Every structure is written in structure tokens, then in C-alpha cells.
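Quick caveat: nothing in here was measured; it's all calculated off a predicted structure. Per chain, numbering begins at 1; letters A, B, ... match sequence-line order.
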2 protein chains.
Amino acid sequence: MLSIGDLSKRTGVKVPTIRYYEQMGLLAAATRSEGNQRRYERSDLDRLAFIRHARDLGLDISAIRELIALGSHPQQPCGDIDRIAAEHLSGVREKIAKLKKLEEELERIVSHCDGNHAIKDCYVIRSLSDHGLCEGEH
Amino acid sequence: MLSIGDLSKRTGVKVPTIRYYEQMGLLAAATRSEGNQRRYERSDLDRLAFIRHARDLGLDISAIRELIALGSHPQQPCGDIDRIAAEHLSGVREKIAKLKKLEEELERIVSHCDGNHAIKDCYVIRSLSDHGLCEGEH
DNA sequence: ATCTCAACCTCCAGACATTAGAGGTTTGAG
DNA sequence: CTCAAACCTCTAATGTCTGGAGGTTGAGAT
């Protein structure tokens with residue numbers, strides 16, 4: 001049996017976050033010690049690792065809840081699960097595309113500015129003020 | 001003179017968000033009509049466009065406040081502005097790198113799942129449960 | 001057996017950048 | 001002049017945690 005602190009150390013999920021996940025219904029309410037402290041076992045550790053992994057991938061709480069619910073019917077076909085992951089993949093791709101445009105623009109801004117001219121002539125300020133200077137759209 | 005709704009339409013920033021920016025000190029308190037409604041002019045539109053642009057680039061409110069403050073002393077050299085932009089650039093690059101790893105992993109996960117086997121054998125669930133299946137780190 | 005102090009408990013509040021709603025007032029077009 | 005749309009302020013919610021206050025428990029050392 002693990003304390004909440006043990007669980008935290010092993011998964012890298014902070015203690016209040018574990019309690020939050022319990023509150024959000026991602027983790028079943030833990031069994032308690034005589035003194036009312038949460039006690040966890042192997043299966044809780046696995047589930048928390050699953051949650052953490054999914055969060056790292058950027059899935060939100062409700063998506064994870066959906067996955068967990070689906071996962072509890074292991075005989076059914078996994079089409080829905082596939083759909084959730086695929087939807088998320090396209091979301092991630094969009095974010096990457098956006099960020100790449102931002103990266104280019106910031107690069108351009110920084111490379112034009114040597115840090116030594118007066119602010120009124122600074123390319124950073126000029127290009128932030130005047131969207132027309134941007135090469136891409138965003 | 002523009003109403004807050006006009007400003008909103010022209011910049012794509014929602015009305016309550018404009019009021020929020022005023023509250024946060026990014027926009028100066030607008031002049032008011034006789035009936036206490038906000039009235040804006042050209043310079044407000046420019047500044048709001050600046051703010052919006054900076055937010056699109058992912059700068060947070062305090063960074064924007066900093067830029068605005070620096071921009072109001074146009075005789076000083078722009079080293080600080082350059083620093084803010086450069087710091088932000090490295091943040092964006094980190095985000096991109098992270099998301100690319102996620103993209104790869106999600107691709108791998110999705111491609112292994114044809115949506116037709118039982119959930120207990122689904123690669124999505126298996127790889128979320130077992131970090132050891134990941135090729136990269138995250 | 002007792003002491004001690006880290007780790008635990010609950011509840012509440014804050015962080016971020018908005019967004020939405022309630023309830024009331026002003027504006028401007030017909 | 002009327003009346004709906006747009007405005008006002010204030011409050012509260014969103015999502016995902018994170019921190020603190022104030023009090024209790026657990027476990028190792030004496």
C-alpha cells in the first residue's frame with residue numbers, strides 16, 4: 001500500500017493534483033487508513049500513469065474520462081478510442097503549424113533587432129504594431 | 001469615434017476581452033460618451049491590434065505590459081524589447097519540439113489501431129497504459 | 001511508551017486569459 | 001418617439017492545477 005506521497009514520487013504527479021484527479025472522477029476514491037489517509041495499490045499507480053501520460057499528450061480531462069470509460073468495456077471494438085486519438089492528432093498538428101508561423105515571425109523580429117537602436121526604431125515594436133509587416137498570417 | 005463593438009469587429013477581439021484589457025492596464029481607460037459608453041479613436045485601434053498580435057504570438061499579459069511600458073520611452077535603446085522577444089522565441093521552440101514528439105507518438109498509436117479489435121488489445125490504450133511502449137521521451 | 005516532525009487531511013483561494021449572464025441604461029435608425 | 005440592439009457594471013464560471021491555513025496521523029528515534 002502506497003501513501004499519496006509515494007504515488008506522487010513514483011508518477012511525478014503532484015499530491016494536490018492527485019486529489020484533484022480523484023475529485024474529477026479520473027481516479028476512484030482511494031481506500032483510507034484508520035486515520036483517514038489515502039492508501040493506494042498497484043492498479044492505482046497504473047491508472048495514474050495512464051492519466052499522466054494522456055495529459056502529457058495534451059488530452060483533456062474529459063477525453064481521458066472517456067478513454068477510461070471505454071477501457072472498462074474490454075470486449076467492445078476500439079473504434080471510439082481510435083477516433084479520440086485521431087481527433088487529438090489533428091489538433092496537435094494544427095497547433096504545430098501555428099507555432100511554426102510564430103517561430104518564423106519571432107526569428108525575423110529578433111534578427112532585425114541588434115538591441116542597440118532607439119525603441120522608436122525597434123523592429124520588434126514596429127512589427128508588433130503593424131501586422132502588415134508579417135510575412136505569414138496568424 | 002468608435003464604440004467598443006466597432007473596435008471589436010475591426011480587431012476580432014471580443015467586447016468583454018477589450019474591457020478586460022482595459023482593466024489589466026493594457027489599454028488606457030477609454031473616453032466616455034455622455035451616457036458613459038466607451039469611445040475609441042485610431043490610436044486605440046492601433047494599440048489593440050498590437051496587443052492582439054502579441055497575444056497571437058503567445059506573449060502573456062505581463063510581457064505585453066512590459067513592451068508597452070518600454071515603448072513609451074522611445075529614446076532608450078531597445079535591448080530589453082529584444083530580450084523579451086528572444087526569450088519568447090526559445091519558449092516557442094520548446095513548445096514546437098514537445099508537440100512534434102506528441103505528434104509522432106500519436107501517429108504511431110493511431111496507425112497501429114484499425115478500430116476493429118477489442119479494446120483490451122487496442123494499441124491506443126496499451127500505449128497510454130505502458131509508457132515503455134513509447135519510442136521517445138516526454 | 002513517548003516524542004517529534006514530516007506528511008497527511010479538508011477547505012478555500014488564487015493563477016491565467018478570457019467568456020457569459022443578470023439586471024439595468026443609452027444609442028441610433030426608422 | 002419608439003424600440004431593439006448595443007452598451008454599462010458586477011459577478012461568476014471556465015480548465016487545470018497549485019498553494020496556504022489550520023488541524024490530524026504515521027513512523028522512526030529515543
Side-chain angles (χ1 to χ4, degrees), chain A residues 1-27 29-41 44 47-68 84 88 91 95 98 102 138, chain B residues 1-27 29-41 44 47-68 88 91-92 95 98 102 138:
Chain A
M1 297 298 262
L2 304 168
S3 71
I4 196 168
D6 296 333
L7 200 61
S8 171
K9 268 168 222 143
R10 294 203 192 199
T11 58
V13 177
K14 297 208 170 113
V15 167
T17 306
I18 296 172
R19 293 196 273 249
Y20 170 74
Y21 288 158
E22 180 182 316
Q23 213 186 314
M24 291 299 101
L26 298 186
L27 287 171
T31 55
R32 301 290 182 126
S33 71
E34 288 200 8
N36 197 37
Q37 298 192 357
R38 289 171 180 80
R39 288 296 114 102
Y40 296 95
E41 37 183 312
D44 297 304
R47 160 144 320 172
L48 185 54
F50 172 98
I51 293 166
R52 187 184 177 182
H53 193 173
R55 286 291 302 134
D56 278 351
L57 289 174
L59 290 157
D60 63 19
I61 300 284
S62 64
I64 297 172
R65 216 185 337 246
E66 218 178 327
L67 287 177
I68 288 171
I84 292 171
H88 192 62
K95 271 190 203 162
K98 268 196 187 176
L102 306 191
H138 53 103
Chain B
M1 296 299 262
L2 303 168
S3 72
I4 196 169
D6 296 333
L7 200 62
S8 171
K9 268 169 222 141
R10 294 204 193 198
T11 58
V13 177
K14 295 206 171 113
V15 168
T17 307
I18 295 173
R19 291 197 273 249
Y20 170 74
Y21 288 158
E22 179 182 317
Q23 216 186 313
M24 291 299 100
L26 298 186
L27 287 171
T31 56
R32 301 290 181 126
S33 71
E34 288 200 8
N36 198 36
Q37 297 192 359
R38 288 170 181 81
R39 288 296 115 100
Y40 296 96
E41 37 184 313
D44 297 304
R47 165 156 300 184
L48 185 53
F50 172 98
I51 293 167
R52 198 209 155 163
H53 194 171
R55 287 291 302 132
D56 279 350
L57 290 173
L59 291 157
D60 64 19
I61 301 285
S62 65
I64 297 172
R65 214 185 340 244
E66 218 178 327
L67 286 177
I68 289 171
H88 194 62
V92 167
K95 272 189 202 159
K98 266 197 185 176
L102 306 190
H138 51 102

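For the residue pair A/L59 and A/L67, the shortest heavy atom distance occurs at CD1-CD1, 4.1 Å. When all heavy atoms are compared, the tightest approach of B/L26 to B/I68 is O-CD1, 3.6 Å. Residues A/D60 and A/R55 come closest through the heavy atom pair CA-NH1, 3.7 Å. When all heavy atoms are compared, the tightest approach of A/L7 to A/T11 is O-OG1, 2.8 Å.
With sequence neighbours excluded, no residue forms a side-chain hydrogen bond (donor to acceptor under 3.5 Å, both in side chains) with B/E41. With sequence neighbours left out, the side-chain hydrogen bond (donor to acceptor under 3.5 Å, both in side chains) criterion links B/S3 to B/D6. For B/Y20, the side chain to side chain contact (heavy atoms under 4.5 Å, CB included) partners two or more places apart in sequence, or in a different chain, are B/M24, B/I61. Every side-chain hydrogen bond (donor to acceptor under 3.5 Å, both in side chains) that B/R39 has, sequence neighbours left out, goes to B/Q37.
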Should B/S8 and B/V15 be marked as a side-chain contact (heavy atoms from CB on, under 4.5 Å) after you check the CA-CA gap, both sets of side-chain angles, and the distance that decides it?
-> CA-CA 6 Å; B/S8 171; B/V15 168; 3.7 Å; yes
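Chain A approaches DNA chain D over the interval D/dT16 to D/dG26, counting the first and last nucleotide 5' to 3' with an atom under 4.0 Å from its heavy atoms.
The end-to-end axis angle of the helix from C/dA1-D/dT30 to C/dG30-D/dC1, rounded to 10 degrees and based on five pairs per end, is 10°.
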Protein proximity profile, nucleotides 8-29 of chain C - base contact B, sugar-phosphate-only contact S, no contact -, cut-off 4.0 Å on heavy atoms | SSB------BBB------SS--
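You'll find the side chain of A/Y40 stays beyond 4.5 Å of the side chain of A/T31, heavy atoms only.
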